[in-house]
Amino acid sequence: MSMATSSSNSSNIFLAAVLLVFGNVVLGAQASNVHYYDFVLREINVTRNCTTTTILVVNDSLPGPTIRARKGDLVYVKVHNQGLYGVTLHWHGVKQPRNPWSDGPEYITQCAIPPGTNFTYEVNLADEEGTVWWHAHNEWTRSTVHGAIVVLPREGSNFPFAKPEGEHLIVLGSWYNEGTSLNKALEMELSIGSPNVPRATGYLINGQFGDFVPCSNDTTPHFFVDYGKTYLFRIVNAVVGSEMFVSIADHNMMLVGMDGAYTKPIVVSYLMIEPGQTMDVLVTANQSPGRYYMAAQRFSSEDMDFTKFAHVVATTIIQYEGNFSLTSPPSYPNDTLPFYHDYSAAASFTQQLRGLASEEHPVDVPHNVTTRMFITASMNDVACPNDSCYFGDTKIATTLNNISWEDPSVDVLQAYYRNISGVYTTDFPDLPPVLYNFTGDDLSTSLAEAAAGTSVKVLNYNETVEIVFQGTNLLEGSENHPMHMHGYSFYVVGVGLGNFNNETDPEKYNLVDPPKVNTFGVPKRGWVAIRFRASNPGVWYWHCHIDRHMSWGMNTAFIVKNGDTEETSMRPPPSYMPPCIASKDKSYGEISQTLKSDM
């Protein structure tokens, strides 16, 4: 009897493996091209600001390697973890149709890849076109583990604008003096309920500070251009904790793409790019041959009296080819780079964004909404368990609808797929528990009392969803909150300041050409309305892309149920997923277990 059962189980496992392999073969056959990358994570020593620091990087570079492919291509990335701690990678802006197993966020769709092992991600570029990116998705490891993904049009297709005569890649980053100890420093502050989580000490362009930081002049990136030519600049904001203003001295930029989708062209003198966002801009070299700074500095959406942030300006140099004097310094964008707290400049830029809405790149905004959610994004307090907090009975938290996310010990996707109980609850509310003057002053501290939990929202396949995210001024902590959704892009149909009015504000929605994005900010003391169709089954993370807010709990997940057919259902898991054996920042060297890798 037992032998027969064992034989049957072996047959079932073999059949499942064959079907999985066959499914991958079919997927590969459907893809235009298949690409393979090896990512090796290891610690290296680098010198920045006259100090040598140990950091974790991919393939010995900061930023990491750029993936280049075309729309419709399939990419396999084999990640070799030679670091000391577990790590995951996320393919930011890639929808991963029916395949959340390769999405990457720790405790949501997988557990960390243990040191000394490897894991292969399947990145399906089915829908994206333009610039997206990849980054680590466990704690703040992404500060040094990130890179760009360039998705060109399909073979035989063209850009919806004149083909540029050159291309340059800009990756904005942030620098922490803690190096590889960053996550330990973060965990220590979180464990005692301290609000004093690590803060960036500077900002980078392509891994370098630029001319205005000591010991950095020799490594300032240079981008060479020819007079009269137009160049496509692909810009990724990989900064861990802030929006950035970007401007080029004496040159306008034409925004033509954002988050892997095209936009209506707008000519601007500066960008306000939020953490997690990507932007594609055209720049024409039409000034006197010389050298010009591209400068990036923080947009701080905290109150004006908050100044405890890095005021460093990151720079790169755009240099014209030809013979001209190099004795004078490059021109600086004094008149066009907004100041740190320029809220109006940020709002002015955001309000101009529109989707391309052309015949080749149409918009598909849901009109008949079946699910409406109103979600507050707030600073809060949660109770400290067992007197564990150094600062009192409560600790700082962030919430969505007054629930502060707690990471489970098993990832939500595995628990959902295998029907493991006790890992999460399905009671994430469609409304906050109390309605009040969300953006008012002197709000009662009792309103800030929140609960902690692992609460998710369940959607039926193909539901049409509208979410209004409402920022609040609880604890006088209003800030921008760039909300990022995994597995989807969404349409931003409305944005405004103050409290959302559900009678008058929807009348002003843009349902004709709204921007299609995967990350968009809830403005300080304001709201944003988005719509999408829940047509990608699986478990998908929602979170603020300012990582201190994410660490404090401004997260949730959507479970999108399967449709009625195989093509509308989530794919089964690969033959190997990293085991859930270690927590947070605990070194795997402290755990005595046998680990394996996928082959």
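Here the side chain of Thr398 pairs a donor or acceptor atom with the backbone of Gly553 at under 3.5 angstrom. Side-chain N or O atoms of Gln414 include none that pairs as donor or acceptor with a backbone N or O of Cys580 at under 3.5 Å. Checking side-chain atoms of Thr109 against main-chain N and O of Gly104 turns up a donor-acceptor pair under 3.5 Å. In terms of modelled atom types and a separation under 3.5 Å, the side chain of Asp103 and the main chain of Gly487 share no donor-acceptor contact.
The aromatic rings of Phe558 and Phe532 lie parallel to each other, their planes meeting at an angle below 30°, with 60° marking the opposite boundary. Note on ring orientation: taking the six-membered ring where Trp is involved, the planes of Phe374 and Phe438 are tilted (angle from 30° to 60°). Ring pair His135/His90 is perpendicular by interplanar angle, where above 60° counts as perpendicular and below 30° as parallel. Taking the six-membered ring where tryptophan is involved, the planes of His484 and His545 are perpendicular, since the angle between them exceeds 60° and thus also 30°. Between Phe309 and His311, the ring-plane angle classifies as parallel under the 30° and 60° cut-offs.
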* Going through the checks in order, is the side chain to side chain donor-acceptor pair (under 3.5 Å) test met by His543 and His549? -> CA-CA 9 Å; His543 62 91; His549 295 166; over 6 Å; no

* Derivation and outcome, salt bridge (Lys or Arg N to Asp or Glu O under 4.0 Å), residues Asp430 and Lys457 -> CA-CA 9 Å; Asp430 290 347; Lys457 171 70 176 180; 2.8 Å; yes

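Counting heavy-atom neighbours within 6.0 Å of Asn334 CG, excluding the residue itself, gives a total above 12.
A distance below 6.0 Å separates the ring centres of Phe490 and Trp542. The aromatic ring centroids of Trp91 and Tyr121 lie less than 6.0 Å from each other. Between His137 and His92, a ring centre-to-centre spacing not shorter than 6.0 Å is recorded.
Between Arg199 and Glu302, at least one side-chain N (NZ, or NE/NH1/NH2) sits under 4.0 Å from a carboxylate O, which counts as a salt bridge. Salt-bridge annotation for Lys524 and Glu479: absent, with no side-chain N of the basic residue lying under 4.0 Å from a carboxylate O of the acidic one. With respect to the salt-bridge test (charged N to carboxylate O, under 4.0 angstrom), the residues Asp364 and Arg531 do not qualify. No salt bridge links Asp259 with Lys516; every basic N to acidic carboxylate O contact stays at or beyond 4.0 Å. Contact check on Asp547 versus Arg142 returns a salt bridge, with a Lys/Arg side-chain nitrogen under 4.0 Å from an Asp/Glu carboxylate oxygen. In this structure, Lys95 pairs ionically with Glu128, as a charged nitrogen and a carboxylate oxygen lie closer than 4.0 Å.
Atom CG of Leu337 and atom OG of Ser247 lie 5.5 Å apart (nearest 0.5 Å). Atoms CZ and CH2, from Phe469 and Trp527 in turn, are 13.5 Å apart once rounded to the nearest 0.5 Å. The line from OH of Tyr270 to CG of Asp342 is 7.0 Å long, rounded to the nearest 0.5 Å.
Ile55 pairs in a side chain to side chain contact (heavy atoms under 4.5 Å, CB included) with only one of the listed residues (Val145, Leu62, Leu182), which is Leu62.
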Taking only distance into account, with no hydrogens and no angle test, what donor-acceptor pairs under 3.5 Å do side-chain atoms of residues 345-355 form with protein atoms, sequence neighbours excluded?
unit_1: Thr350; atom_1: OG1; unit_2: Ala346; atom_2: O; d: 3.1
unit_1: Gln352; atom_1: NE2; unit_2: Ser348; atom_2: O; d: 3.3
unit_1: Arg354; atom_1: NH1; unit_2: Gln351; atom_2: O; d: 3.0

